[in-house]
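See below for the structure under consideration.
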Amino acid sequence: MLSSRTHHAEHVGSLLRPPYLLDAREAHEKGELTSAELRAVEDRAVEENLRIQADAGVPVFTDGEARRESWRAGLFESIDGVVPAPRTMTWYRDGQELSSEDTLHDGVAAAAKVSRKGDLTGTEAAFMAARAPGTFKITMISVSLGGMIWHPEISAPVYPTPAALIEDLIPLQLAEIDDLVANHGVRWIQLDSLAYNRVIDSRRDDRIRGVQTPGELLDATIDVDSRLVGAIKREHPDVTVAMHICRGNYRSSWAASGSYEAVAERLFNEVPVDRFLLEYDTERAGGFEPLRFVPAGPDGPVVVLGLVTTKVPDLEDPDDLVRRIGEAAAYVPLENLAISPQCGFASGSLGNLITVDDERRKLDLVVSTAQRVWG
């Protein structure tokens with residue numbers, strides 16, 4: 001595999017789920033479709049996703065997360081010891097807060113000692129190893145977000161604090177990654193770690209932060225993510241480890257805003273990933289100045305600038321993208337930069353308010369911009 005440093009175009013993860021896949025999942029939930037039949041439909045969707053990425057020239061493939069209900073699958077779909085527990089977040093689109101009817105209220109909470117359930121990423125990786133036309137990556141939610149499944153009434157009898165729950169989640173995630181590497185040939189892992197948003201946007205107050213102050217949450221999240229990444233790199237030094245951070249992505253809406261300044265110095269220097277994928281598609285993410293804390297040199301991480309939005313169909317001006325990459329190069333050497341969308345196209349099954357043709361054009365733009373800048 002080529003060094004991940006040579007890849008200057010990247011796709012974050014999810015792709016729009018085709019209607020036939022959503023119909024099949026609904027039929028399966030009603031007992032009208034067997035698990036084997038659903039798997040065949042998922043396989044078809046993944047094959048289509050691979051063709052979309054190959055047509056665009058994306059050098060690192062994902063399966064589009066077609067087998068998942070959402071990006072939170074690692075906590076919501078793959079952990080035993082949890083029970084349903086409604087959870088509400090505040091989302092914004094076009095400057096307005098979404099109504100309760102337009103937001104998700106699904107959630108789970110740990111009610112017993114947690115353990116792994118099934119092998120979703122193993123299924124994903126086995127298919128990708130057999131069918132992907134090039135390098136592929138497996139995306140997963142970082143267990144530093146384990147507070148999402150901690151509930152003060154449901155979880156406290158088993159786990160008195162979110163930190164206690166996360167301590168049990170860490171070895172589960174590391175074992176999952178060990179299996180992916182040893183048994184499925186995975187050489188690229190991406191952790192989605194969004195707890196930093198509750199430091200970046202300190203006005204937010206929800207279960208992710210709980211009773212912690214932003215400073216305490218930063219300490220806790222840095223500690224968990226650095227331990228996770230450090231353990232992966234020690235055990236599997238040839239595996240590329242990336243981290244994605246955005247401001248939330250659900251049906252073209254967002255959940256947080258603010259500059260990386262509050263987390264940048266510690267995040268970029270204490271979490272030893274090979275690549276940081278950072279949302280930068282709007283002013284909500286602030287400027288590039290926090291990138292001054294990114295370690296430079298041949299061993300410094302690659303910063304993947306999420307300049308192309310997946311939330312609206314309008315295409316960015318290619319000249320503007322080149323200009324913005326140049327602005328970021330004032331803080332990070334150009335050879336240590338790359339470009340991507342700010343997030344996936346469908347962080348949940350319903351996806352953003354764009355079409356597959358829009359999705360294709362966005363991926364084409366990412367690749368053509370990378371070719372223009374880096375050749």
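Everything numeric in this text was worked out from a predicted model, so none of it was measured. All values below come from the heavy atoms of this structure, side chains included, with hydrogens, waters and symmetry mates left out.
F345 and V12 end up in different hydrophobic clusters when Ile, Leu, Val, Met, Phe, Trp and Tyr side chains are linked at under 4.5 Å. A single hydrophobic cluster is seen to contain both I339 and L278, as judged by linkage of ILVMFWY side chains at heavy-atom distances under 4.5 Å, directly or through other members. Both F268 and L337 belong to a common hydrophobic cluster when Ile, Leu, Val, Met, Phe, Trp and Tyr are linked at side-chain heavy-atom distances under 4.5 angstrom. Linking Ile, Leu, Val, Met, Phe, Trp and Tyr whenever their side-chain heavy atoms come within less than 4.5 Å puts V373 and V303 in one cluster.
Two residues are said to be in side-chain contact when any heavy atoms from C-beta on lie closer than 4.5 Å; H11 and T62 meet this criterion.
Minimum heavy-atom separation, V271 to F276: O-CZ, 3.6 Å. Between P133 and L50, the shortest heavy-atom contact is CD-CD2, 4.3 Å. Nearest approach of L350 to L22, heavy atoms of both residues: CD2-CD1, 4.5 Å. Between L194 and I245 the shortest heavy-atom distance is CD1-CA, 4.4 Å. Nearest heavy atom pair, residue E10 against residue P341, reads O-CD, 3.3 Å. Scanning both residues, R72 and I141, for their nearest heavy atoms gives CA-CD1, 4.2 Å.
Taking a cutoff of 4.0 Å between a charged side-chain nitrogen and a carboxylate oxygen, D63 and R131 do not qualify as a salt bridge. Using a cutoff of 4.0 Å between basic side-chain nitrogens and carboxylate oxygens, R67 and E77 are not scored as salt-bridged. Salt bridge status for R25 with E29: absent, with no side-chain N to carboxylate O gap under 4.0 Å. A salt bridge links R361 to D358: one of the charged nitrogens lies within less than 4.0 Å of a carboxylate oxygen. Salt bridge annotation for D219-R266: present, with a cationic side-chain nitrogen under 4.0 angstrom from a carboxylate oxygen. Using a 4.0 Å cut-off between a side-chain N of Lys or Arg and a carboxylate O of Asp or Glu, E261 and R292 qualify as a salt bridge. The pair R372-D319 meets the salt-bridge criterion, with a side-chain N (NZ, NE, NH1 or NH2) lying under 4.0 Å from an Asp/Glu carboxylate O.
Atom CG of L174 is separated from atom CG of D179 by 12.5 Å, given to the nearest 0.5 angstrom. Here the CD atom belonging to E359 is positioned 9.5 Å from the OG1 atom belonging to T310, to the nearest 0.5 angstrom. With rounding to the nearest 0.5 Å, the separation of CG in L217 from OH in Y196 is 9.0 Å. Between the CD atom in Q190 and the CG atom in D192 there is a gap of 5.0 Å [rounded to 0.5 Å]. Rounded to the nearest 0.5 angstrom, H7 NE2 and S340 OG are separated by 14.0 Å.
A donor and an acceptor atom, one from each side chain of D201 and N197, are nowhere located under 3.5 Å apart. For the residue pair S253/R251, the side-chain donor-acceptor check at 3.5 Å is not satisfied.
Using modelled atom types, one side-chain atom of S155 and one backbone atom of H151 make a donor-acceptor pair closer than 3.5 Å. S14 places a side-chain N or O within 3.5 Å of a backbone atom of A346 that can act as its donor or acceptor partner.
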Stepwise side-chain hydrogen bond (donor to acceptor under 3.5 Å, both in side chains) check, D225 with S144: CA-CA 6 Å; D225 280 340; S144 61; 3.1 Å; yes
Verdict with supporting geometry, Q173 and L191, side-chain contact (heavy atoms from CB on, under 4.5 Å): CA-CA 10 Å; Q173 184 155 57; L191 298 172; 4.0 Å; yes
E279 and D281: CA distance, side-chain angles, deciding distance, side-chain contact (heavy atoms from CB on, under 4.5 Å) verdict: CA-CA 6 Å; E279 173 172 323; D281 61 329; 3.3 Å; yes
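The ring of Y260 has its center closer than 6.0 angstrom to the ring center of Y280.
Few gaps surround CZ on R116; more than 12 heavy atoms of other groups in view lie less than 6.0 Å from it. Shown here is Q96, whose CD atom has no more than 12 heavy atoms of other residues, nucleotides or ligands within 6.0 Å.
Taking R234 as the reference, nothing meets the salt bridge (charged side-chain N to carboxylate O under 4.0 Å, His left out) condition, with sequence neighbours excluded.
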